[in-house]
There are 2 protein chains.
Amino acid sequence: MIGRFDSPRENRKAAEPTSATVFVVEDDASMRRSLANLFQQVGLDVVTFGSAHEMLQNNIPDVVSCLVLDIRLPGQSGLEFQAELAKSNIHIPIIFITGHGDIPMSVRAMKGGAVDFLTKPFREQELLDAVVAATERDRKRREAEQTVANLRSLFDTLSPREQAVLKLVATGLMNKQIAAELGLAEITVKIYRGHVMKKMRARSLADLIRMVEKLGLHANRGQQT
Amino acid sequence: MIGRFDSPRENRKAAEPTSATVFVVEDDASMRRSLANLFQQVGLDVVTFGSAHEMLQNNIPDVVSCLVLDIRLPGQSGLEFQAELAKSNIHIPIIFITGHGDIPMSVRAMKGGAVDFLTKPFREQELLDAVVAATERDRKRREAEQTVANLRSLFDTLSPREQAVLKLVATGLMNKQIAAELGLAEITVKIYRGHVMKKMRARSLADLIRMVEKLGLHANRGQQT
DNA sequence: GCGCATTACAAACGTTCGTATAGTTCTTTT
DNA sequence: AAAAGAACTATACGAACGTTTGTAATGCGC
């Protein structure tokens, strides 16, 4: 099946409070089945594919997950697939498995952000540990991404002027300076600033500054023609 | 010498504006010499050692650098040395070289934060590229660390009370709330707050908040007995 | 004992901020 | 054509902020 079975069933656990999905891309059907079996036994959701292409056809659900990927695949290699996913801004953590890998392959995979690179035969627990680490990484990434996305959607409710005021507020300018910068009356800036605080749900300036930092906004100051 | 010489001398370059030091830990003396030679030819400073122990004896100068490390060493292995450096909070970027490595080794090295893992024979340019990447990484790390250290030394000039006020200011509390929290009069808070701005050289509250973020300060609010 | 930093507060003044109320103009949507 | 909202300004006022000047007690090092 997968490799040597030197870890008793009882030792297996992937004690995750939230469920996670493991995608498996592996051309060997029997290997696919045993991997699916292993993951299902510890309560993980599993979706298997026979090739990279096949996985890209189906749209990947937006859940906490990781990808167990064979290096040798029909068509596109595992490493190429990794590069393609990165280019497509798909940040699913990858665990490579291989029967006939070499060091340059593993180094390239790890440089590309892979969580682990296992050579057959491997202990089941090794793979499960890697999967736990990978899904945990994905969970954290999603959490951070969600935070920024929420802030972004608040920011998007601001009118262009309000956004401009926010950026200048974040640079530490006083209302009168912002007014001069934007060619407005100070009172107008004050009002927009009030809108910004409400819409962004910031309870203090300190709050607002931290939001701007997380959003990575940078004021593009300058002369407005 | 090092490996195959398939890259002409003319193609070699490590166009670095600032000089960098390459530490080499390698037990084979002739290998050590040829590595030193290679790095010197492209204008890098080189310090070589025959073992990990030897390197730790000498105190490592505080300059932009990287470490070229043989996996197989007398006494402590390269991987053990990597772990020891990490534990000692020495963050020098490491490039492993090895004649007889395997995939688990390379994966462990990369998981441990290594920049690259090269197997002999390798092209000289490969190693030089890795060294450039490594020193660049070190330069950036030092830059970021320096920024924080500078902020930290400013923060350390604050009296305990001023530090306490700063932390509460950073949480977004108003002066009167800070006063209540610390059992002070509002006017006192205002004065300390002024001291904080001067001593931290913050030109605005936004500035100050960002400094606090970089410092990773967190107010430990609570009841003062 | 003397100098010095720290902690603490007050009175006073000017600045800055925030909001409420009210109004104009322009564009977009219905 | 009417409604909605965005952009913009004015008056007005209170709250919050920041600094200056002055006072005073404490504790530490030389």
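Every chain is numbered from 1 and lettered A, B, ... according to where its sequence line falls, protein lines coming before strand lines.
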- Could you tell me whether B:H91 atom NE2 has more than 12 heavy atoms of other residues or ligands within 6.0 Å of it? yes
- In terms of side-chain geometry, is the basic nitrogen of B:D207 or B:R201 positioned less than 4.0 Å from the acidic oxygen of its partner? no
- Query: For the side chain of B:I187, counting heavy atoms from C-beta on, which of D:dC17, D:dA12, C:dC9 is nearest?
  - Reply: C:dC9
Check: protein-nucleotides 22-28 of chain C nitrogen or oxygen pairs below 3.5 Å:
none

- Query: Backbone N or O of B:M31 within a donor-acceptor pair of the B:D28 side chain at under 3.5 Å?
  - Reply: yes
- Message: Output the rounded distance in Å from NZ (A:K198) to C1' (C:dG18).
- Response: 9 Å
- Euclidean distance, atom CG of residue A:L184 to atom C1' of D:dA7 [Å, nearest integer]: 9 Å
- Using whole Å, report how far CZ of B:R193 lies from P of C:dT7. 18 Å
- Identify which nucleotide among C:dC17, D:dG18, D:dA7 has an atom closest to any side-chain atom of A:Y192, counting heavy atoms from C-beta outward. D:dA7
- Message: B:H195 and side-chain hydrogen bond (donor to acceptor under 3.5 Å, both in side chains): which single residue from B:K190, B:R161, B:E162 fits?
- Response: B:E162
- Message: Between A:R152 and A:L215 (side chain of the first, backbone of the second, donor and acceptor by atom type, cut-off under 3.5 Å), is there such a pair?
- Response: no
- Query: Does CZ belonging to A:R203 count more than 12 external heavy atoms closer than 6.0 Å?
  - Reply: no
- In whole angstrom, what separates B:E162's CD from C:dA8's P? 11 Å
- CD of B:E186 versus C1' of C:dA10: gap in Å, rounded? 13 Å
- Query: Which residue pairs pass the side-chain hydrogen bond (donor to acceptor under 3.5 Å, both in side chains) test with at least one member in residues 77-90 of chain B, sequence neighbours excluded?
  - Reply: B:Q76-B:E84
- Message: Under a 3.5 Å distance rule, please check whether A:E26 uses its side chain to pair with a backbone N or O of A:L69 as donor and acceptor.
- Response: no
- Item | Contacts of type side-chain hydrogen bond (donor to acceptor under 3.5 Å, both in side chains), residue A:R142, not counting sequence neighbours | A:D62, A:D138
- Item | Close approaches to DNA chain C from residues 199-208 of chain A, in residue order (heavy atom, under 4.0 Å) | none
- Message: Between B:R32 and B:D27, does any side-chain N to carboxylate O distance fall below 4.0 Å?
- Response: no
- B:L182 atom CG is separated from C:dA8 atom C1', nearest whole Å, by 12 Å
- Query: Hey, is the side chain of A:R161 poking within less than 4.0 Å of OP1 or OP2 on D:dA6, counting only N and O atoms?
  - Reply: no
- Task: Note the angle between the end axes of the helix from C:dG1-D:dC30 to C:dT30-D:dA1, five pairs defining each, rounded to 10 degrees.
- Result: 40°
- Query: Going by atom types only, do B:N58 and B:E54 share a side-chain donor-acceptor pair under 3.5 Å?
  - Reply: no
- Between residues 152-160 of chain A and DNA chain D, which residues have a heavy-atom gap below 4.0 Å? A:S159, A:P160
- From CG of A:N175 across to P of D:dG18 the rounded distance in Å is 13 Å
- Ignoring the backbone of B:K190, work out which of D:dC17, C:dA8, D:dA16 is nearest its side chain. D:dC17
- Task: Calculate the interatomic distance between B:H195 atom NE2 and D:dC17 atom P; express it in whole Å.
- Result: 17 Å
